[in-house]
Amino acid sequence: MTQESPQLIPHTPTTTFKNDTTISMSAEDTEDMEGSTESQTPTVHRAAQNLYWCRQVRAFAKEHQRDPTEPSPFSFALDFLAEGAANAVFTVRPWTDDSVGTNFVITAHNGSDVILSGQQFRNKVLRFSKGAPNTPDCKSIIDSYYADIKPLFEDFDEHLLHPELTEIEPLMVNQLNKSIAEHAIVNPRRFKGWIPKIGGNQLALIIDNMSSIPGSALTIEIKPKWLAQSASAIRNALRCRTCAMQSLNVSNGESKTEAYICPLRLASGNAALIKPWVQNKVAATMVAETSSVPSATQANIIDAITSYFSTGEQGNKLLAHLRTLQVKHDPIGIMRREEVSGLPHWTYPPVDTTNESLDRDLRLAMTLRDCSLYVRVHYEGENVVKVESKLGDLDFKSANKMDDWWLKEQQLINGEWYKKIGELQREVPCEIFAGWRDIVQRHWG
Ligand SMILES: O=P(O)(O)O[C@@H]1[C@@H](OP(=O)(O)O)[C@H](OP(=O)(O)O)[C@H](O)[C@H](OP(=O)(O)O)[C@H]1OP(=O)(O)O
Ligand SMILES: Nc1ncnc2c1ncn2[C@@H]1O[C@H](COP(=O)(O)OP(=O)(O)OP(=O)(O)O)[C@@H](O)[C@H]1O
């Protein structure tokens, strides 16, 4: 979509995304641009909208070839939201006359080059890969998401975010990096890197925005991590893989214990054990967002999240499903991978023990451990009206991470992190240690 190679004339006023959902211009879209046509019949209304849409896009395309930064009805502003080690995330909002900064035009990446507009961007974020080593680019993320990950969630489809590929002009990357720089100046410790400039249009993922909505919804973000013990852990371990790693990180000053919960405990469905963590997590979220919710509402939000993760409830079922997938795809563990590769089937149900298949499955299990879960609680006044949760960051882990995983496990075993009892264990007990303690108390206590 550069000046040299204009590609902006759409064939059709609809955009078919990769997962076969078709998004067309909605009534709300055209109302944004001109007066409502509510009195017309739906068919006439839709035809008029489509005609209007085509004319507008063509007119804009002509204009766009002259000056790509001239605002138009199809322009958006992108606001920096957050960044991780691998991706930078921006919220999308329609460009208005009093907007400042740079406007963006965003096209679907599906061969049609249709400019996306209005409704398609309401409550969305754009996620850009920063090209860090061993992290996938947007195209690979989408390919593996639809080929390998989505099919695993047939009964849990409502918990997926269904990302789609989009494009923006390459020139705009400077502006996005400028926003990242502005945040880096204010908060240098959060800075994790730039979006690299590539040859052609810049790809990005368009995803539902799961952020809190001031006055009506609060989102907590968690990582499910290892929902079952690592197959490489020592026998008689007193800690699970995540608690062992957390203890190691705390001892290195790389992690804090506040708002931490043992993933096995979170997945246990035991409301009494989960609630104290939910209280800390909600408080920490409000501090991070510099927001606040009236205390009566806050209490109801805490109860709603606690009950969402309690036995038999939707959050508990989702974690149980994730645990099943993690174990199914990594029954052997990184340390024994070489040892068993190429051997005849020896587990039940049997696993394909070719190196390639083991590696792929392990990468999938690691992806499902390191994803994010956004839990959003919608409220009206004091009352909670809905709890929803969506999995994000399901980026298929690189095959180059194998050595790294081996080294981490080696470090946990050699450093005895699976069995050390220290401060962390008293503050935030691991479910495995709690189980041992119960047995010991029953017999000797
Ligand atoms: O090994 P872990 O459990 O510490 O997980 C790493 C995460 O640490 P944390 O969740 O904070 O404990 C770590 O998260 P942070 O960057 O520390 O937020 C990464 O997600 C890392 O993955 P990658 O190397 O970026 O592909 C994660 O590495 P892998 O999942 O690839 O091992
Ligand atoms: N769909 C979304 N809705 C709301 N916020 C989001 C969304 N996607 C990402 N974010 C925010 O952006 C942050 C970084 O996103 P993301 O986790 O995708 O980046 P990452 O680079 O993959 O992270 P990591 O460092 O864990 O690899 C998240 O922690 C979250 O706060």
Side-chain angles (χ1 to χ4, degrees), residues 79-92 123-138 141 145 159-164 180 183 189-195 204-213 217-227 230 232 239-250 252-257 259-263 285 288-289 326 330 334 362-376 388-412 417:
D79 299 321
F80 177 85
L81 176 66
E83 64 174 323
N87 298 280
V89 181
F90 295 80
T91 50
V92 189
N123 306 323
K124 301 283 182 185
V125 298
L126 279 193
R127 183 171 181 255
F128 293 84
S129 162
K130 295 197 285 187
N134 298 336
T135 62
D137 59 24
C138 291
I141 292 172
Y145 170 80
H159 296 285
L160 296 177
L161 279 166
H162 306 301
E164 295 291 351
I180 294 177
H183 275 263
R189 294 185 64 199
R190 293 254 170 97
F191 173 68
K192 301 255 176 76
W194 310 110
I195 303 170
L205 300 181
I206 181 166
I207 312 174
D208 284 349
N209 186 352
M210 288 301 294
S211 306
S212 297
I213 306 166
L218 183 113
T219 303
I220 61 162
E221 185 183 336
I222 59 182
K223 276 189 175 186
K225 303 303 294 185
W226 296 59
L227 294 163
S230 163
S232 304
R239 281 181 178 150
C240 71
R241 158 47 166 90
T242 314
C243 287
M245 181 57 84
Q246 172 77 0
S247 310
L248 169 60
N249 290 340
V250 169
N252 289 335
E254 288 166 13
S255 201
K256 293 190 180 136
T257 54
Y260 172 81
I261 187 170
C262 165
T285 302
E289 293 180 351
Q326 292 177 0
D330 179 18
I334 182 79
L362 178 62
R363 288 165 59 202
L364 193 47
M366 294 303 279
T367 305
L368 297 167
R369 288 166 176 146
D370 199 38
C371 60
S372 304
L373 181 64
Y374 300 100
V375 184
R376 183 153 67 180
E388 58 174 341
S389 72
K390 306 271 181 188
L391 291 163
D393 198 0
L394 285 163
D395 305 355
F396 206 96
K397 294 273 181 185
S398 160
N400 296 336
K401 297 216 63 183
M402 227 48 96
D403 289 350
D404 185 29
W405 294 330
W406 192 90
L407 283 169
K408 279 186 193 181
E409 201 66 64
Q410 179 88 334
Q411 201 180 2
L412 294 179
W417 292 103

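Numbering of ligands and ligand atoms starts at 1, following listing order. Source: prediction; values computed, not measured.
Contacts between D208 and ligand 2 below 4.0 angstrom, taking non-hydrogen atoms only, involve the backbone exclusively. Residue contacts with ligand 2, taken as heavy atom pairs separated by less than 4.0 Å, involve D393 solely via side-chain atoms from C-beta onward.
Listed by number with element, the atoms of ligand 1 under 4.0 Å from a non-hydrogen atom of M366 are 32 (O). Atoms of ligand 2 found under 4.0 Å from any heavy atom of E221, numbered from 1 in the order shown, are 28 (C), 29 (O), 30 (C), 31 (O). Ligand-side atoms of ligand 2 in range of A85: 21 (O), 24 (P), 25 (O), range being under 4.0 angstrom from any heavy atom. Ligand 2 places these atoms under 4.0 Å from at least one heavy atom of I207: 1 (N). Close contacts between ligand 1 and M245 involve ligand atoms 4 (O) [criterion: under 4.0 Å to a heavy atom]. Close contacts between ligand 1 and K401 involve ligand atoms 22 (O), 23 (P), 24 (O), 26 (O), 28 (O), 29 (P), 31 (O) [criterion: under 4.0 Å to a heavy atom].
Close N/O approach between K192 and ligand 2 is not found [any backbone or side-chain N/O within under 3.5 Å]. Remark: ligand 2 and V125 share no N or O pair separated by less than 3.5 Å (distance only, no angle test). Residue contacts with ligand 2: Y374 is placed with a nitrogen or oxygen under 3.5 Å of a nitrogen or oxygen of the ligand (distance criterion only). At least one N or O atom of D370 sits closer than 3.5 Å to an N or O atom of ligand 1. Residue A86 places at least one N or O, backbone or side chain, under 3.5 Å from an N or O of ligand 2. Polar contact check, K408 against ligand 1: a nitrogen or oxygen pair lies under 3.5 Å apart.
The nearest heavy-atom contact from the protein to atom 20 (P) of ligand 2 is N87 ND2, 3.6 Å. Looking at atom 12 (O) of ligand 2, its nearest protein heavy atom turns out to be A82 CB, 3.3 Å. Among all non-hydrogen protein atoms, the one lying nearest atom 13 (C) of ligand 1 is K223 NZ, 3.8 Å. The protein non-hydrogen atom at the shortest distance from atom 5 (N) of ligand 2 is L81 CD2, 3.5 Å. The closest protein non-hydrogen atom to atom 22 (O) of ligand 1 is K397 NZ, 3.0 Å. Of the protein's non-hydrogen atoms, the one nearest atom 5 (O) of ligand 1 is K225 NZ, 3.0 Å. Looking at atom 3 (N) of ligand 2, its nearest protein heavy atom turns out to be M210 N, 2.8 Å. In terms of protein heavy-atom proximity, atom 18 (O) of ligand 2 is closest to R127 NE, 2.7 Å.
Here OG of S398 is found 10.0 Å from CG of D404. Values are rounded to the nearest 0.5 Å. Here L161 contributes atom CG and D208 contributes atom CG; the two are 6.0 Å apart, rounded to the nearest 0.5 Å. Note: K223 NZ to C371 SG = 9.0 Å, rounded to the nearest 0.5 Å.
The local environment of CG in D403 is sparse, with at most 12 non-hydrogen atoms from other residues, nucleotides or ligands closer than 6.0 Å.
Using a 4.0 Å heavy-atom cutoff, S211 is listed among the residues neighbouring ligand 2. At least one heavy atom of R241 sits closer than 4.0 Å to an atom of ligand 1.
Distance screen at 4.0 Å: atom 2 (P) of ligand 1 has a protein heavy-atom neighbour inside the cut-off. Inside a 4.0 Å radius of atom 17 (O) of ligand 1 there is not any protein heavy atom. Counting protein heavy atoms under 4.0 angstrom from atom 25 (O) of ligand 1 gives zero.
Nearest heavy atoms, E83 versus F191: OE2-CA, 3.3 Å. Of all the heavy atoms in I207 and P163, the pair that sits closest is CG1-CB, 4.0 Å.
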